[in-house]
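Please read the structure below before turning to the comments.
The analysis underlying the following values was restricted to heavy atoms, covering all of them including side chains, and did not include hydrogens, waters or symmetry mates. Chain letters run A, B, ... following the sequence lines, proteins first and then strands; every chain starts at 1.
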Number of protein chains: 2
Amino acid sequence: MTEISVATPQLLRRVSAGAVLDFMRASEAVTVTEVLEATGLTRATAIAVCEDLMQRGWIRELENQRAFGGYQKGRPARRFELNERAGYVLGMDVGVSKATVVVSDLRGKALGRSSQPFAEADIPAEERIAVIDRTAMMALHSVGASPDSVLAVCAGIAAPVDRNGEVLVTQHFWGLFDVGLKAALRDRRGWTVLLENDANLAALGDRWRGAAAGVDDVVVILASERFGSGMIDGGRLLHGRGGGAGELAFLDMVEGVGDTYGIAALARTWAADALAGKVKTSLREFAAEGVEAEQVFAAAADGDAVARAILERLADRMARIIGAVSTIINPELVVIGGAVAKSAGVLLGPIARHLTKYTVTPPRVAVSPLGDSIVTVGAVRCALDYVEKNTLDLELAVPD
Amino acid sequence: MTEISVATPQLLRRVSAGAVLDFMRASEAVTVTEVLEATGLTRATAIAVCEDLMQRGWIRELENQRAFGGYQKGRPARRFELNERAGYVLGMDVGVSKATVVVSDLRGKALGRSSQPFAEADIPAEERIAVIDRTAMMALHSVGASPDSVLAVCAGIAAPVDRNGEVLVTQHFWGLFDVGLKAALRDRRGWTVLLENDANLAALGDRWRGAAAGVDDVVVILASERFGSGMIDGGRLLHGRGGGAGELAFLDMVEGVGDTYGIAALARTWAADALAGKVKTSLREFAAEGVEAEQVFAAAADGDAVARAILERLADRMARIIGAVSTIINPELVVIGGAVAKSAGVLLGPIARHLTKYTVTPPRVAVSPLGDSIVTVGAVRCALDYVEKNTLDLELAVPD
DNA sequence: GGAACTAAATTTAGATTCCAAATAAATACT
DNA sequence: AGTATTTATTTGGAATCTAAATTTAGTTCC
């Protein structure tokens with residue numbers, strides 16, 4: 001209600017409340033004494049702030065305080081904890097062929113998930129939106145959450161998105177993805193929707209709960225069907241002017257690369273090429289359905305020469321890409337993510353070996369454990385970031 | 001003196017004072033009424049803050065207020081303005097063969113400059129420091145400023161520097177540059193020294209007072225003898241883990257490039273190569289002293305075929321580099337900077353032409369007007385950034 | 001069961017800062 | 001001289017914090 005111009009006394013309470021809330025997000029149930037030590041506030045103030053936050057619904061007080069940690073002298077301390085059910089956030093992965101929605105609580109715990117295919121690749125925008133909306137409602141319903149309790153939504157799409165969440169339709173193709181989701185979900189449900197590029201979300205996701213946990217300078221390469229990357233420098237996502245940062249189209253110019261197909265796609269193609277010849281290889285048993293990357297990796301592990309050659313070729317290509325990107329960006333770590341990543345661990349050794357050819361200071365290389373949920377995990381993180389930054393400006397639907 | 005824990009009432013005054021100071025830095029002499037409109041504070045508060053700042057020496061009050069803007073009704077307004085002489089900052093360009101120091105006031109006006117060569121490239125650290133210190137003292141003396149009035153120093157060096165101003169001596173070569181300048185100048189003079197990579201400072205400099213003024217996503221390529229770049233995304237410099245972001249060593253992998261020599265170096269070499277043959281060219285008249293880039297550009301403008309070929313080749317190479325970097329970083333603008341930049345304007349047309357081969361969404365390309373002072377300009381900006389961020393924690397030497 | 005002990009919670013007094021509104025001051029215009 | 005206008009100052013009230021004194025709600029021990 002009250003407009004804050006620059007610095008009113010109310011600003012102080014905001015700062016204090018923010019500090020307390022930050023501490024609570026990082027801890028389980030805490031006593032006021034702990035709050036006070038963590039924030040530097042006085043006891044009187046700390047209690048006042050907690051009461052404030054409780055009244056607004058962001059935290060709750062526990063009953064049987066003494067139940068914690070056995071014997072304690074003195075007057076029992078009150079205990080407070082984050083009300084992780086004060087509201088929910090949605091993380092969306094909107095692909096070409098399907099939409100996936102994850103419902104998460106305020107601690108980032110995934111409570112429910114729903115996925116729906118689009119009838120065809122080229123359906124009109126309203127239809128895409130309808131499917132997405134329906135998927136979201138199903139996911140919410142599955143956890144018994146009302147649409148009013150959604151505090152933020154983040155959707156990942158396979159197009160460049162600038163740092164304001166806008167899709168610049170410079171290339172016609174991307175128009176497909178800018179289906180007006182933001183406006184549609186705001187109008188229909190009153191939700192705040194953040195748009196972000198899928199590879200960027202993968203980077204956020206993996207830095208949160210993947211191989212890059214806590215690393216400040218990291219590049220995550222979404223590498224299954226096509227290459228795309230999310231780059232984080234100093235803990236901040238890079239976007240560039242039109243959200244195009246992290247595009248790996250420059251690969252066309254790197255010697256020995258020349259296209260932007262991902263690991264899964266290349267493995268499939270190269271295996272097919274090999275089978276067209278007369279070589280002897282165990283891959284031939286999959287020939288009918290087409291050979292997938294996993295099968296190539298397995299065959300290579302069994303000593304199949306053709307599979308090993310393909311693996312080596314993949315590793316060299318990855319090394320070139322990682323070498324080029326990390327020379328210019330200088331990350332501490334490069335993570336390979338996406339559906340193929342889980343089985344791509346076998347590539348790490350060969351990649352490291354090839355990498356020494358392309359850079360004198362190679363980064364660490366890892367595969368993400370998040371599999372194909374890497375984008376939704378990142379979307380949840382992105383939505384939570386928004387909520388955490390704006391907590392004190394948000395009104396909760398049903399302050400219980 | 002007083003430790004601020006989280007949110008004390010004193011914090012409010014800090015916020016208010018910061019807002020007022022920011023406004024004053026962006027304006028000339030201002031009345032309290034203007035302050036009040038800009039910051040949203042009350043008149044009473046605005047005056048109190050101004051008096052505060054004046055007492056601390058950061059701003060001053062003008063005498064003949066009414067002298068401004070002719071006729072005015074009502075009680076004359078007091079006028080305040082930034083005291084740009086409250087202290088000074090030093091911007092340093094520490095190269096291999098010489099050190100340059102610029103003294104600037106708090107509005108970024110260069111007041112004096114001094115430059116001194118190092119006796120040899122490989123002199124010991126103490127000697128390098130002594131030369132740098134002496135150069136700084138000379139520059140200060142030339143403007144009549146005392147060493148005590150220096151609020152911050154920023155030094156640009158040709159080595160990777162991480163975002164904490166540390167030089168990681170991963171490669172032995174860089175050890176040359178980490179001569180302990182920070183500690184030495186702190187101990188001798190009590191100065192706060194910020195270290196930064198020279199190309200990064202070039203980026204800051206050009207974004208401040210060059211071709212990239214106000215552009216949030218920009219890459220500045222220092223291109224004279226060697227290529228190095230400073231990359232800014234969303235107004236923030238990229239560093240990477242060890243300060244290596246912006247290194248263009250990956251050029252080794254880009255087809256048609258293959259080394260990291262800069263424009264001046266390449267022009268010189270290619271011209272010499274051409275002269276070794278029997279072609280007819282007006283460049284031959286410079287053959288004795290060696291042909292410089294400027295001369296090649298001039299001859300090309302006169303229609304000399306050999307010079308034009310070299311120019312075209314340079315443009316193609318620049319286009320490849322710009323194409324590769326900007327595909328992955330997606331800047332709005334790429335600036336060519338350094339001593340050679342002033343005459344490199346002739347390259348812009350050809351570069352733009354070649355660029356379409358390497359990217360579908362080419363950035364704007366420009367040359368920096370800052371010449372070889374681009375690094376010191378950036379160093380001054382960097383030091384000012386520090387002072388502006390920490391103004392209220394700094395004590396002025398002689399509060400007049 | 002009551003006294004002693006202990007840590008937490010609450011109350012009280014004081015300081016800083018802000019805003020809003022009333023009052024005072026300085027100048028130009030008539 | 002008187003009025004209008006703009007700026008400056010003063011006064012009163014509110015929010016917030018800290019620091020210190022006081023009260024409370026338990027445990028422990030006799």
Side-chain angles (χ1 to χ4, degrees), chain A residues 1-21 29-56 61-80 392, chain B residues 1-21 29-56 61-80 392:
Chain A
M1 281 298 114
T2 32
E3 276 305 313
I4 288 167
S5 56
V6 192
T8 68
Q10 287 83 340
L11 175 66
L12 289 182
R13 181 47 65 90
R14 272 179 87 85
V15 173
S16 300
V20 171
L21 214 38
V30 295
T31 65
V32 174
T33 306
E34 286 159 358
V35 168
L36 178 152
E37 282 162 357
T39 61
L41 292 168
T42 315
R43 172 161 247 112
T45 307
I47 290 179
V49 169
C50 285
E51 229 119 55
D52 242 43
L53 288 172
M54 201 159 61
Q55 208 244 310
R56 298 226 241 159
E61 185 167 4
L62 272 74
E63 296 304 314
N64 49 348
Q65 314 88 341
R66 194 50 65 100
F68 288 77
Y71 163 87
Q72 272 162 312
K73 292 181 279 193
R75 177 171 176 170
R78 299 165 73 181
R79 272 178 190 275
F80 298 90
L392 299 171
Chain B
M1 281 295 115
T2 34
E3 276 305 315
I4 287 168
S5 56
V6 192
T8 67
Q10 287 82 341
L11 175 66
L12 289 181
R13 180 47 66 89
R14 272 179 87 85
V15 173
S16 299
V20 171
L21 215 37
V30 295
T31 65
V32 174
T33 306
E34 284 159 359
V35 168
L36 173 157
E37 282 162 358
T39 62
L41 293 167
T42 314
R43 173 161 249 114
T45 307
I47 289 178
V49 169
C50 286
E51 230 117 56
D52 243 43
L53 289 172
M54 201 159 60
Q55 208 242 309
R56 297 227 242 157
E61 185 167 4
L62 273 74
E63 295 304 314
N64 49 346
Q65 312 89 339
R66 194 48 65 101
F68 287 78
Y71 162 89
Q72 268 161 316
K73 291 182 280 194
R75 176 171 175 169
R78 297 167 73 182
R79 273 179 189 272
F80 298 91
L392 299 171

Review point. CZ of B:Arg56 to CG of B:Leu392: how many Å apart, nearest 0.5 Å?
Key: 5.5 Å
**Study point:** A:Glu61 CD to C:dA8 P, straight-line distance once rounded to whole Å
**Key:** 15 Å
Check your understanding: Looking only at side-chain N and O atoms, does A:Thr45 come under 4.0 Å of OP1 or OP2 in D:dT18?
Key -> yes
Check your understanding: Which of these nucleotides, D:dA19, D:dT16, C:dT27, is closest to any side-chain atom of A:Ala44?
Key -> D:dA19
Study note, to complete from the structure: Closest of C:dA20, D:dA19, C:dC18 to the A:Thr42 side chain is D:dA19
Check your understanding: What's the closest nucleotide to the A:Lys73 side chain, out of D:dT9, C:dA7, D:dT18?
Key -> C:dA7
Practice item. Whole angstrom is fine here: how far is it from CD in B:Glu51 over to C1' in D:dT10? Key: 14 Å
Practice item. Just compare D:dT18, C:dA26, C:dT16 and give me whichever is closest to any side-chain atom of B:Thr8. Key: D:dT18
Check your understanding: What is the distance from atom CZ of B:Arg13 to atom OG1 of B:Thr8, rounded to the nearest 0.5 Å?
Key -> 12.0 Å
Practice item. Give the rounded distance in Å between these two atoms: CG of B:Leu36 and P of D:dT9. Key: 13 Å
Exercise for review: Any chance you could measure A:Arg43, atom CZ, to A:Thr45, atom OG1, to the nearest 0.5 Å?
Suggested key: 11.5 Å
Review point. Roughly how far apart are B:Phe80 CZ and B:Glu51 CD, rounded to 0.5 Å?
Key: 6.0 Å
Practice item. Please report, rounded to the nearest Å, how far the P atom of C:dA8 is from the CG atom of A:Leu41. Key: 16 Å
Check your understanding: Rounded to whole angstrom units, what separation is found between the CG atom of B:Leu12 and the C1' atom of D:dC17?
Key -> 9 Å
Exercise for review: Can you figure out which of C:dC19, D:dA8, C:dT16 approaches the side chain of B:Gln10 most closely?
Suggested key: C:dT16
Point to revise | Between P of D:dC17 and CZ of B:Arg13, the distance in whole Å | key: 18 Å
Check your understanding: Touch check for A:Thr31, heavy atoms < 4.0 angstrom, all strands: base, sugar-phosphate only, or nothing?
Key -> nothing
Exercise for review: Mind checking the CG-CG spacing from B:Leu53 to B:Leu21? Nearest 0.5 Å is all I need.
Suggested key: 5.5 Å
**Study point:** Whole-Å gap separating C1' (D:dT6) and CZ (B:Arg79)
**Key:** 13 Å
Check your understanding: With a 3.5 Å cut-off and just heavy-atom distances, do the side chain of A:Arg75 and the base of C:dT6 make a donor-acceptor pair?
Key -> no
**Study point:** Residue B:Arg78, side-chain heavy atoms: nucleotide from C:dT10, D:dA8, C:dT16 that is nearest
**Key:** D:dA8
Check your understanding: For the side chain of B:Val32, counting heavy atoms from C-beta on, which of D:dA15, D:dA8, C:dT10 is nearest?
Key -> D:dA8
Practice item. Send over the distance from A:Arg14 CZ to D:dC17 C1', rounded to a whole Å. Key: 18 Å
Practice item. Using a 4.0 Å heavy-atom cut-off across all strands, classify B:Thr33 as base, sugar-phosphate, or nothing. Key: sugar-phosphate
Review point. Does a side-chain N or O from A:Arg43 land closer than 4.0 Å to OP1 or OP2 of C:dT10, or not?
Key: no
